[in-house]
Amino acid sequence: MIATLTGLGLSSAAGLNAYIPLLAVGLIARFTDLIPLGAAWQWLEHPVTLVVLTVLLVVEFAADKIPALDSLNDVVQTVVRPSAGGITFGAGASAVDLAELTGTASTSAAGAGDGVSWLPVVAGMVIALVFHAVKTLARPVLNSLSFGAAAPVVSFVEDVVSVVASLVAILLPLLVLVVFPLMVAAGVWAVRGRRRRRAGKAADDGAPARGRGRLGRGDG
């Protein structure tokens, strides 16, 4: 259960920002014993990987805060974020269990991630894709409502949530039971807000047309 919660938190964080959970897993695995990555995932803690992820995170951080460019970035990230979700779920779920949480790493736990279990990877991809889809649908609405002013603020909040979710998933995975439902609730609220706005816009566009129709019939 603990391993599943870790993967769940990491993959949901990847749906908001692909590189934050990847970098979190890599850095913590390299500099601590909290995540003893198996052979299949040790490339995540390699210095070259960490440098590349840092550069990509900086680019993502800047691009996601510029209106219009953020939507283009979301299109590109449609592949990247689910992939990151699958990787982090697979790596996190195979590396973390109660032994690491108590600070007593066990040989069996450390070796559990030597192979790749594809079920967690697929699950992580689906979870990250769902959160990415919600983010992609909600951002244009928020940009139009605020004339682009909300883009950097919303993006920064998403980055913070991704950081918190990643750290909670690794350090205090039981708290994922609280954080994940909150993220889901925020996503549902965003999707409903988009639907309400589209319905309101459709009603506003239809009202003048109906009015003109009644006027034309009266004149006849």
Original post:
So, do Ser155 and Asp70 sit near enough that their side-chain heavy atoms are less than 4.5 Å apart?
Top reply: no
Subject >> Exam field: side chain Thr6 to backbone Ala169, donor-acceptor pair closer than 3.5 Å >> reply: yes
Subject >> side-chain hydrogen bond (donor to acceptor under 3.5 Å, both in side chains) against Thr49, all qualifying residues, sequence neighbours excluded >> reply: none
Original post:
Considering only heavy atoms from C-beta outward, does the side chain of Asp159 approach that of Phe61 to under 4.5 Å?
Top reply: yes
**OP:** Please confirm whether the backbone N or O of Ala29 pairs with a side-chain atom of Thr32, one donor and one acceptor, at under 3.5 Å?
**Re:** no
Original post:
Can you find a pair of side-chain heavy atoms, one from Ile87 and one from Val25, that are under 4.5 Å apart?
Top reply: no
Original post:
Any link between Leu37 and Phe31 through a network of hydrophobic side chains (Ile, Leu, Val, Met, Phe, Trp, Tyr) touching at under 4.5 Å?
Top reply: yes
Original post:
Are Val121 and Phe89 close enough that some pair of their side-chain heavy atoms sits under 4.5 Å apart?
Top reply: no
Original post:
Linking I/L/V/M/F/W/Y whenever any side-chain heavy atoms sit under 4.5 Å apart, do Leu50 and Val52 land together?
Top reply: yes
Original post:
Is Arg30 close to His46 at the side-chain level, that is, under 4.5 Å between some pair of heavy atoms?
Top reply: no
Subject >> With sequence neighbours excluded, residues passing ring pair (Phe, Tyr, Trp, His ring centres under 6.0 Å) with Phe131 >> reply: Phe180
Subject >> Salt bridge present between Lys65 and Glu60 (N-O < 4.0 angstrom) >> reply: no
Original post:
Any side-chain heavy atom of Leu53 within less than 4.5 Å of one from Leu57?
Top reply: no
**OP:** Go through the side-chain N and O atoms of Asn17 and Ser162 and say whether any donor and acceptor fall under 3.5 Å apart.
**Re:** no
